[in-house]
Amino acid sequence: QVQLVESGGGSVQPGGSLNLSCVVSGKMYSTYCMGWFRQAPGKEREGVAFIYNDGTTRYTDSVKGRFTISQDNASNTLRLHLNSLKPEDAAMYYCAAQSPWYYTPNAPAATDFLYWGQGSQVSVSS
């Protein structure tokens, strides 16, 4: 059983920055994928950023160059640094993990993940 506990988020003005953290506990196999999704009211859950067991990262086009996903193996923490935030980035952000992970060239979908954090609200407004 894998558990994910999120922290961070908040409210910032456009152009501001935020950090999200997700502490991962429980058994993970040698292959895994961890990532962040977001969901705005009335919209589908959208994959934002992912990191794989080999360190490879993947971002959705709208956040490339602005968001950075990382993992701290010493503290079992998944992080997302959100920079140059825009009003359209406002949403509930969820961390997710799946292990084992089987390679696919496609972008991960929400249905690929069994384990989820509780969600962190990110608000961007002037």
Side-chain angles (χ1 to χ4, degrees):
Q1 185 75 9
V2 176
Q3 293 184 324
L4 308 177
V5 179
E6 297 184 37
S7 61
S11 181
V12 295
Q13 294 183 340
S17 298
L18 284 173
N19 292 298
L20 301 177
S21 295
C22 176
V23 177
V24 183
S25 61
K27 181 177 177 58
M28 295 276 279
Y29 295 92
S30 59
T31 62
Y32 60 82
C33 177
M34 297 188 291
W36 295 90
F37 289 79
R38 65 187 179 188
Q39 189 166 20
K43 295 189 176 181
E44 292 187 356
R45 191 164 294 193
E46 173 193 25
V48 175
F50 302 95
I51 190 165
Y52 301 88
N53 53 278
D54 64 355
T56 303
T57 58
R58 184 171 191 157
Y59 299 90
T60 192
D61 286 345
S62 63
V63 308
K64 285 180 180 176
R66 300 190 298 120
F67 291 10
T68 303
I69 189 171
S70 63
Q71 61 179 359
D72 182 342
N73 292 328
S75 62
N76 296 324
T77 302
L78 177 70
R79 294 190 173 92
L80 185 67
H81 178 63
L82 299 78
N83 196 32
S84 301
L85 281 161
K86 304 175 181 180
E88 53 264 41
D89 293 319
M92 187 70 79
Y93 282 69
Y94 298 91
C95 62
Q98 182 59 37
S99 182
W101 182 263
Y102 303 100
Y103 172 78
T104 170
N106 301 320
T111 52
D112 294 328
F113 294 84
L114 181 60
Y115 307 109
W116 291 86
Q118 78 276 19
S120 297
Q121 185 67 48
V122 171
S123 300
V124 185
S125 65
S126 53

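Quick caveat, the model's predicted, so the values are computed rather than measured.
By the salt bridge (charged side-chain N to carboxylate O under 4.0 Å, His left out) test, K27 is found to be paired with no residue, residues two or more places apart in sequence or in another chain being considered.
Within a 6.0 Å radius of CD in E88, more than 12 heavy atoms belonging to other residues, nucleotides or ligands are found. Taking a 6.0 Å sphere around CD of Q118, one finds it holds more than 12 heavy atoms contributed by other residues, nucleotides or ligands.
For the atom pair CG of L20 and CG of L18, the computed distance is 7.0 Å after rounding to the nearest 0.5 Å. Going from atom CZ of F113 over to atom CE of M34 covers 10.0 Å, rounded to the nearest 0.5 Å. Annotation: the span from R38 atom CZ to Y94 atom OH amounts to 13.5 Å, rounded to 0.5 Å. To the nearest 0.5 Å, the span separating OH on Y93 from OG on S120 amounts to 11.0 Å. Rounded to the nearest 0.5 Å, atoms OG (S30) and CG (D54) are 11.5 Å apart. Remark: S125 OG to Q13 CD distance equals 8.0 Å, nearest 0.5 Å.
No continuous path of ILVMFWY side-chain contacts below 4.5 Å connects V122 to M92, so the two sit in separate hydrophobic clusters. Note on L4 and M28: same hydrophobic cluster, where clusters join Ile, Leu, Val, Met, Phe, Trp and Tyr whose side-chain heavy atoms are under 4.5 Å apart, directly or indirectly. Hydrophobic cluster membership is shared by W116 and Y52, with clusters built from Ile, Leu, Val, Met, Phe, Trp and Tyr side chains linked at under 4.5 angstrom.
Looking at Y32 and Q71, their side chains come closer than 4.5 Å, going by heavy atoms from C-beta outward. Side-chain contact between Y102 and T31: absent, with no pair of heavy atoms (C-beta onward) separated by less than 4.5 Å. Between L78 and I51 there is a side-chain heavy-atom pair separated by less than 4.5 Å.
Side-chain atoms of S99 come within 3.5 Å of backbone N or O of Y29 as a donor-acceptor pair.
Nearest heavy atom pair, residue S84 against residue R66, reads O-NH1, 2.9 Å. Closest heavy-atom contact between A107 and R58: N-NH2, 3.3 Å. In terms of heavy-atom proximity, A91 sits nearest to A40 at CB-N, 3.8 Å. Nearest approach of H81 to S17, heavy atoms of both residues: CE1-CB, 4.1 Å. For I69 against G35, the heavy-atom pair with the smallest separation is CD1-CA, 4.1 Å. Between A110 and R45, the shortest heavy-atom contact is CB-CD, 4.4 Å.
Results of the ring-ring contact (aromatic ring centres under 6.0 Å, His included) test with F50 over W101, F37, W36 single out F37 as the only residue that passes.
Between K64 and D61 there is a salt bridge, with a side-chain nitrogen of the basic residue lying less than 4.0 Å from a carboxylate oxygen of the acidic one.
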Could you walk me through whether S62 and E46 pass the side-chain contact (heavy atoms from CB on, under 4.5 Å) check? CA-CA 11 Å; S62 63; E46 173 193 25; 4.1 Å; yes
